[in-house]
Amino acid sequence: MSDSAVTVSGYLEATARQRIRGFFDAGSVKELLGPAERVTSPHLPALGIPVAFDDGIVVGEARLESKAVMFAAQEPAFMGGSVGEVHGAKLTGILLRAARDKPAGVVLLLDTGGVRLHEANAGLIAISEIQRAAFEARAAGVPVIVVSAGINGCYGGLGIVTRGCDWVVMSEEGRLSVSGPEVIEAQHGVEEFDARDRALVWRTMGGKHRYLLGEADALAADSFAGLRAAVAPLLGQSRALDLQSLQREHEALGRRLARFGDAPDATDIWRRLGVDDVRAVPMMAPDAFVAMAQPLREHADG
Amino acid sequence: MENLSFEFGPFPPRAQPLPTVLVGVVGSGNMEALCEPAALDGRMRFEVHSSIRGYAATWEAVLGDFARRVRIPDVRVTINDAGATPAVVGLRLSQAAAELESGA
C-alpha cells in the first residue's frame, strides 16, 4: 500500500511510506499490522485527538540489496513521530520478531521527539520495552541499525535506545540527542541553549558532530542512494555486546570527558580533534567531510 | 472530535475488484483516507473522524461532489482528519481515486 505515486528524491522530507518505498528493494516490502487492521491508539480519542491507522509507524519485512531485513519507519508528521503505546508495541514486536527469525539486520528509520506525552506512562513503559527488545535482537546476533536522517531528529527515549544499538547512520540534517533544543532552553534558559539558533542546534546535535564524536558510524548525503549505501555494508555485522565492550565504551567516555569536558562549544571539540578550519565544517559536502573527519574522529571502540 | 458518516450512490458495478489504498498522513492541516472494498449495494460510504467540529455540511458537500464525480461502487472510505481544508480533502480524495483506479 502506498501513499503517493509522487517520487521524492530526498529522504528528509519524505513520509514514512515514501521512505520505505525508496529505501528497500522494489517490490520486497511486506507490512505487518498494516493500516487496514486499525490497531490504533486507545488513548487519543479520549483527548479529542484523531488517531492514525498505523499509529504513526510502519513495521515489516523487506529486502535490502537482496538481503532479508526487518524494518520500522516512523511517520514524522503524525504527532512528531512520538512513541505511544501501540507505536511502541509495534517497534518492540518487530525487534522481538527479528530476535526469533534472525534476518540480516533490523533497520530502524527513526524520526521522533521521543515519548508521546499524551500517552504518558504507557509511552515511557514502551521505551523500556523497546530498549530490552533491541538488546534481545542484538544478543541473538541480529544487528540493529538506526538511521537518523529525518525532520524531527531522534530525541528522548529513542535517542537513548539508539546509542544502545549496533550502528547509527546519519545525514548532516539528522540529529541525535536526548533532550531537544526547546526542552534544554525551557529548563536551563536561553543563555545556556538558544533553541532558535539553528547553527548551534546542528553543530551540537547534528550528523556531522555525532560523526566526529564517533557516535554516528556513517554520515551520508540526504538521499535514498546515499543512506542505502551506508546501511547495506552493516547488514550481518554485529558489534560485541558483553562486559568487556561495555567497559571499553565507558573508558572511551571517560577519556572524552577528560579531553573535552571543559569545551564550551562543539567547534572547540572539533579544533582539539585536529580539524584545521572548523568554520568550514558546516559547508562541506558529505563526501569531503567524511574524508577530512574519518582520520580525526573519536572511536567508541578506541 | 466529530464523527460523521455519509453514503452516496448507488453507482454501477465494476468488473475489477478494488484494492485497499491508504493516502495522506494525520499531520496538522492534513488527513489520511483508507479506502477498502465493502459490500454496500453499490454505494460509497464515508466515515469521517475530525478534530474540528461544526463542518458537517462542508464535509457532505465535498464528499458528495467527489462521489458523484468518480462513481466508485462498494467502497468504504475512512478519514482521520487533523484540520484539512476542503481543497486538501479534495486533493487527497483525488489521489485515493487515482490509486484505486490504477489498482495500486
Side-chain angles (χ1 to χ4, degrees), chain A residues 1-8 13-21 26-27 29-31 33-58 60 73-82 84 86-87 111-113 116 118 150-152, chain B residues 1-5 17-39 45-56 59 74-85 88-104:
Chain A
M1 216 179 316
S2 64
D3 77 330
S4 171
V6 177
T7 306
V8 177
E13 297 192 8
T15 67
R17 287 169 192 280
Q18 287 168 335
R19 286 175 183 173
I20 289 163
R21 202 167 53 247
V29 172
K30 181 183 150 217
E31 183 176 357
L33 288 178
E37 299 193 39
R38 293 176 161 72
V39 185
T40 58
S41 167
H43 305 283
L44 297 180
L47 300 169
I49 297 170
V51 299
F53 289 118
D54 55 15
D55 205 35
I57 188 166
V58 186
Q74 296 181 301
E75 170 50 53
F78 181 63
M79 307 196 78
S82 58
V86 168
H87 183 115
D111 196 339
T112 181
R116 188 179 299 161
H118 314 68
I151 201 92
N152 298 313
Chain B
M1 289 292 291
E2 185 142 69
N3 301 303
L4 306 165
S5 59
L18 291 171
T20 297
V21 163
L22 177 75
V23 296
V25 292
V26 189
S28 180
N30 209 333
M31 56 165 259
E32 69 177 352
L34 179 64
C35 309
E36 302 161 290
R45 180 175 173 81
F46 294 88
E47 294 169 8
V48 179
H49 308 284
S50 177
S51 58
I52 314 247
R53 300 181 63 85
Y55 284 85
W59 279 108
D74 293 311
V75 63
R76 177 167 68 136
V77 182
T78 316
I79 293 171
N80 291 324
D81 171 57
T85 62
V88 172
V89 175
L91 283 168
R92 284 296 180 205
L93 291 172
S94 294
Q95 183 189 357
E99 296 198 14
L100 282 171
E101 303 279 6
S102 74

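Scope of the values below: all heavy atoms of this structure, side chains included, with no hydrogens, waters or symmetry mates. In what follows, every chain begins at residue 1, and chains take the letters A, B, ... in the order their sequences are listed.
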In terms of heavy-atom pairs under 4.5 Å with chain B, the winner among A:Ile49, A:Val51, A:Asp54 is A:Val51
Checked A:Gly56, A:Ala16, A:Pro50, A:Ala77 vs chain B; the most non-hydrogen pairs under 4.5 Å come from A:Pro50
Are the side chain of A:Thr112 and the backbone N or O of A:Gly81 linked by a donor-acceptor pair below 3.5 Å? yes
Are any of the side-chain nitrogens in B:Glu32 or A:Arg17 under 4.0 Å away from the carboxylate oxygens of its partner? no
Applying a strict 4.5 Å limit to non-hydrogen atoms, the region of B:Ser50 in contact with chain A is neither
Okay, B:Asp81 and chain A: the region with an atom under 4.5 Å from a heavy atom over there is backbone
Indicate whether the side chain of B:His49 and that of B:Asn80 have a donor and an acceptor atom separated by less than 3.5 Å.
-> no
Side chains of A:Arg21 and A:Gln18, donor plus acceptor under 3.5 Å:
no
